[in-house]
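Remarks on the structure that follows.
Given the structure is predicted, the values throughout are model-derived calculations rather than measurements. Order of the sequence lines fixes the chain letters, A, B, ..., with proteins taken first and strands second; residue numbering starts at 1 for each chain.
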Amino acid sequence: MKIATFNINGVKARLPAVLDWLDESAPDVALLQEIKSVDEAFPREPFEDRGYNVETHGQKGFNGVAILSKLPLEDVARGLPGDDSDEQARWIEATVVGEAAIRLCGLYLPNGNPSPGPKYDYKLAWMERLLTRAQDLLSDETPALMAGDYNIIPQAEDAARPDAWRDDALFRLESRNAYRRIVNLGFTEAIRARHPQPGLYSFWDYQANAFDRNDGIRIDHVLMTPQCADLMRDCGIEAEVRAKEKPSDHVPVWVDLAA
DNA sequence: ATGGCGCGGATACCGCGA
């Protein structure tokens, strides 16, 4: 089962590019971030025409996450637990049943800039809630993954110019510490585990020809529970998607599971 | 590269992203 995560930066603006990607890459499951659409306006039909079940958790203008799956999705839940007053649509989860049942969590972690400030406080508070959900997933001792746009550069080797990000919310020490605490609970981060070499990126800014200069960062991650990591056959980053017509600034990251 | 580029939702600019 091929499971991909992709921050599409607006489903309406990205529809042709996302459909082309689905036709070429043919993931069984796609976890989408930044759909920037309310649920009622999400263009379900072209995805359903391609055989995908569609579950969305949208909001007006910003954020928004979705799951596309060729297999049925069960027990769909929306919103990261831990703060009923949080109205930002950044978390969706569901179970997909193939050869094995996998709990899928799609996430769009807050950017946090400028830091310090209230947006950075929100990012760190959100990561505390993510830690709690992550602990519960591990306690289940079943195959599960948390995939999406983490807005975290985990280590210096995950940025072409780490010094340029030193004081940014994506790379500040507190951000990296919070992320590492979650990973170190017992998750396997797919790309680090299988492709540990530096220079693999998942985001390139639209400005200043960043992609042509490979001035990128790796901020889209797939974290797997031990039971899920045991199923991983391969994983990769589809950097070539960034060179296509009217691209997102992110590219898809995928894992292939024996499931 | 203290400048850029792109999206959405409000209007002929702004908030936001990373």
Tell me whether the side-chain N/O atoms of [X] come closer than 4.0 Å to OP1 or OP2 in [N].
X: A/N151; N: B/dA18; result: yes
X: A/K36; N: B/dC16; result: no
X: A/Y108; N: B/dC16; result: no
X: A/H250; N: B/dG17; result: no
X: A/N7; N: B/dA18; result: yes
X: A/K60; N: B/dA10; result: yes

Taking the six-membered ring of A/F171 as reference, does the NZ or CZ atom of A/R166 fall below 6.0 Å from its centre and within a 45° cone about the axis?
-> no
Among A/V54, A/L104, A/V97, A/I92, which one satisfies side-chain contact (heavy atoms from CB on, under 4.5 Å) with A/L73?
-> A/L104
Could you give the [atom1]-to-[atom2] distance, from [X] to [N], as a whole number of Å?
X: A/Q33; N: B/dG17; atom1: CD; atom2: P; value: 15 Å
X: A/D215; N: B/dC5; atom1: CG; atom2: P; value: 15 Å
X: A/N111; N: B/dC16; atom1: CG; atom2: P; value: 11 Å
X: A/K246; N: B/dC7; atom1: NZ; atom2: C1'; value: 8 Å
X: A/L109; N: B/dA18; atom1: CG; atom2: P; value: 10 Å
X: A/W165; N: B/dA1; atom1: CH2; atom2: C1'; value: 14 Å
X: A/K12; N: B/dA10; atom1: NZ; atom2: P; value: 12 Å
X: A/I8; N: B/dC7; atom1: CD1; atom2: C1'; value: 12 Å

Using the side-chain heavy atoms of [X], tell me which of these nucleotides is nearest: [options].
X: A/A13; options: B/dA1, B/dG8, B/dC5; result: B/dG8
X: A/K119; options: B/dG9, B/dC16, B/dA18; result: B/dC16
X: A/A208; options: B/dA1, B/dG17, B/dG6; result: B/dA1
X: A/Y206; options: B/dG8, B/dA18, B/dC5; result: B/dC5

If you look at every strand shown and take non-hydrogen atoms under 4.0 Å, does A/N9 touch a base, only sugar-phosphate, or nothing?
-> sugar-phosphate
NA contact type, A/N209, heavy-atom cut-off 4.0 Å: base, sugar-phosphate, or nothing?
-> nothing
Distance only, no hydrogens: is a donor on one side chain within 3.5 Å (strictly under) of an acceptor on the other, for A/R103 and A/T95?
-> yes
Donor-acceptor pair between A/N9 and A/S248 side chains, under 3.5 angstrom | no
Determine, using ring centers only, whether A/F211 and A/W204 are less than 6.0 Å apart.
-> yes
Any chance the rings of A/F42 and A/F47 have centres within less than 6.0 Å?
-> yes
[N] to [M] separation - [atom1] atoms, rounded to the nearest Å:
N: B/dC16; M: B/dT11; atom1: P; value: 16 Å
N: B/dA18; M: B/dG3; atom1: C1'; value: 15 Å
N: B/dA12; M: B/dA1; atom1: C1'; value: 29 Å
N: B/dT2; M: B/dC13; atom1: P; value: 26 Å
N: B/dA10; M: B/dG6; atom1: P; value: 23 Å

More than 12 heavy atoms of other residues, nucleotides or ligands under 6.0 Å from CG of A/D84: is that the case?
-> no
Walking DNA chain B from its 5' end, the first of A/G10 and A/R161 to be reached, judged by nearest nucleotide, is A/R161
A/Q207 or A/D168: which one's nearest nucleotide on DNA chain B is closer to the 5' end?
-> A/Q207
